[in-house]
Colleague: 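Sharing a structure with you now.
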Amino acid sequence: MRIKLILLGVVVVALVATVWLPFVNSSSLWLGLPSIMVWTAAWVLGLTLVLALIEFSRADENETAWFFSSMVSSTIGVLFMTLPHQWPALLSARSPKAVRRNYVFLPVYSIALALPMIIGFTGILALPKNSGSNGVLLTLAGQAFPGWFVGIVVVATAATAMVPAAGLIVGMSTLIARNLVGTRSERSQIAVNHVSVVVVTGFALITALVRPDLLANLLLLTYSGLDQLIPAIVLALFARRIVGLWPVLSGLVVGEAVVIWLTFSDVYQGHVNVGLIGLVPNVVVVAIGAALERTLGGRPAGLATRA
């Protein structure tokens with residue numbers, strides 16, 4: 001266990017030190033990508049492997065397979081920026097320098113994500129098994145601090161929940177107003193955006209009250225579905241378009257169909273995240289489509305060659 005903890009410490013130190021490493025915070029490219037992106041992605045994958053190694057040594061086989069595969073699915077989803085609410089920050093950036101600056105401080109922000117995990121693990125050890133999962137933080141705070149400080153914790157908790165929720169809601173409402181609903185004027189687009197914010201927020205609140213365990217399952221299902229965008233995103237990173245539109249789109253449809261089928265039917269009773277399973281036929285369809293394009297001749301259909 002000591003060796004595993006040392007490996008975990010090395011990975012954490014490498015991520016924290018990112019902001020001070022000059023060879024990482026530069027304009028150089030590694031494998032055709034910004035150096036800081038490759039560096040962060042490599043160490044995040046390393047963190048996933050170390051946590052999986054620790055989990056394999058303490059959990060039963062089925063739980064470990066589900067935990068590890070779900071962690072990998074979530075990690076690659078974040079790594080390849082498949083979540084729509086991650087796109088506005090890039091698409092609206094003033095310059096490449098602004099994007100690089102965001103990636104410099106992103107690892108530091110990610111460290112804060114460990115704090116709720118620590119609180120959750122503390123609750124598992126310190127609270128009875130029948131305790132409500134949503135009240136772990138307030139229960140621990142009530143046992144450890146005076147009443148006036150618990151009030152501060154409540155306010156801080158609410159603010160902490162609203163910040164990421166605001167980013168998610170803005171991302172979803174913008175996509176609805178710009179891509180799903182056809183609006184003819186800027187005023188109507190703003191109106192659709194505002195209505196979408198109210199509807200999405202209300203739906204999330206009602207769902208959290210009625211089915212508090214559903215949001216975590218929906219989050220995992222979201223990653224499983226959006227992971228099917230990874231082949232398209234990876235292919236878009238190449239300087240030359242090597243696959244056309246229809247193979248990529250066909251692979252995406254097949255991957256999503258597999259995820260939906262395995263999730264909502266009783267066919268699959270395994271312990272591997274369905275998002276990773278869906279990626280297999282997704283990639284196979286893209287590869288077959290690319291081979292057919294080359295066999296039939298001509299450049300990839302539906303896509304123009306980059307200058």
Side-chain angles (χ1 to χ4, degrees), residues 31-33 37-38 41-42 44-45 48-49 51-52 55-56 61-87 171-172 175 179-180 214-306:
L31 303 176
L33 299 173
M37 181 178 180
V38 177
V44 167
L45 290 176
T48 301
L49 293 176
L51 290 176
E55 180 66 16
F56 267 108
E61 183 177 349
N62 292 336
E63 289 183 356
T64 300
W66 179 86
F67 175 84
F68 177 62
S69 60
S70 297
M71 181 181 291
V72 171
S73 176
S74 302
T75 300
I76 61 178
V78 174
L79 175 62
F80 290 100
M81 305 191 72
T82 60
L83 296 177
H85 69 274
Q86 294 178 297
W87 303 343
M172 286 186 285
L175 288 176
N179 300 94
L180 297 182
L214 184 61
L215 290 180
N217 295 328
L218 286 176
L219 182 61
L220 289 176
L221 179 60
T222 299
Y223 277 112
S224 300
L226 292 178
D227 281 349
Q228 308 313 310
L229 292 172
I230 291 177
I233 294 174
V234 171
L235 291 170
L237 296 175
F238 288 92
R240 183 173 61 89
R241 298 293 177 92
I242 58 178
V243 181
L245 171 64
W246 294 111
V248 175
L249 186 59
S250 301
L252 175 62
V253 172
V254 170
E256 296 290 357
V258 171
V259 169
I260 294 173
W261 178 50
L262 296 181
T263 301
F264 296 102
S265 69
D266 297 328
V267 176
Y268 180 66
Q269 301 295 332
H271 301 280
V272 177
N273 187 279
V274 294
L276 300 181
I277 298 176
L279 272 176
V280 176
N282 187 341
V283 174
V284 170
V285 170
V286 173
I288 293 175
L292 289 176
E293 282 184 338
R294 283 166 172 71
T295 302
L296 298 176
R299 68 182 186 182
L303 293 172
T305 307
R306 290 184 181 178

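None of the values given here were measured: they were computed from a predicted structure. Residues take their numbers from the sequence shown, with the count starting at 1.
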Colleague: Looking at Gly275, is its backbone amide N or carbonyl O close enough to the side chain of Gln228 to form a donor-acceptor pair, meaning the two atoms are under 3.5 Å apart?
Modeller: yes

Colleague: Sequence neighbours left out, what passes side chain to side chain contact (heavy atoms under 4.5 Å, CB included) with Thr295? Give chain and number order.
Modeller: none

Colleague: How would you list, by chain and number, every residue that makes a side chain to side chain contact (heavy atoms under 4.5 Å, CB included) with Thr82, sequence neighbours excluded?
Modeller: Phe80, Leu226, Asp227, Leu229, Ile230, Ile233

Colleague: For Asn273, which residues count as a side-chain hydrogen bond (donor to acceptor under 3.5 Å, both in side chains) partner, sequence neighbours excluded?
Modeller: Ser70, Ser73, Ser224

Colleague: With Ala232, which residues qualify under side chain to side chain contact (heavy atoms under 4.5 Å, CB included), at least two apart?
Modeller: Val248

Colleague: Provide the closest heavy-atom pair for Val243 versus Ala290 in the form atom of the first, atom of the second, distance.
Modeller: CG2-CB, 3.8 Å

Colleague: Measuring only between side-chain heavy atoms, which start at C-beta, is Val254 closer than 4.5 Å to Val284?
Modeller: no

Colleague: Identify the two heavy atoms, one from Pro231 and one from Val283, that lie closest to each other, and give their separation to 0.1 Å.
Modeller: CG-CG2, 4.1 Å

Colleague: Return the CD to CG distance between Glu293 and Leu245, rounded to the nearest 0.5 Å.
Modeller: 9.0 Å

Colleague: For Leu175, give me all partners under side chain to side chain contact (heavy atoms under 4.5 Å, CB included), at least two apart in sequence or on another chain.
Modeller: Pro84, Asn179

Colleague: What residue among Ile260, Leu279, Thr263 forms side chain to side chain contact (heavy atoms under 4.5 Å, CB included) with Val274?
Modeller: Thr263

Colleague: Do Val259 and Leu221 come close enough that some side-chain heavy atom pair is under 4.5 Å?
Modeller: yes

Colleague: Where is the tightest heavy-atom contact between Gly278 and Val258, given as atom of each residue plus distance?
Modeller: CA-CG1, 4.0 Å

Colleague: Please evaluate residues Tyr223 and Ile76 with respect to the criterion side chain to side chain contact (heavy atoms under 4.5 Å, CB included), reporting the C-alpha separation (whole Å), side-chain torsions for both, the decisive distance (0.1 Å), and the verdict.
Modeller: CA-CA 9 Å; Tyr223 277 112; Ile76 61 178; over 6 Å; no

Colleague: Not counting sequence neighbours, list each pair that qualifies as a side chain to side chain donor-acceptor pair (under 3.5 Å) and has a residue in residues 249-262.
Modeller: none

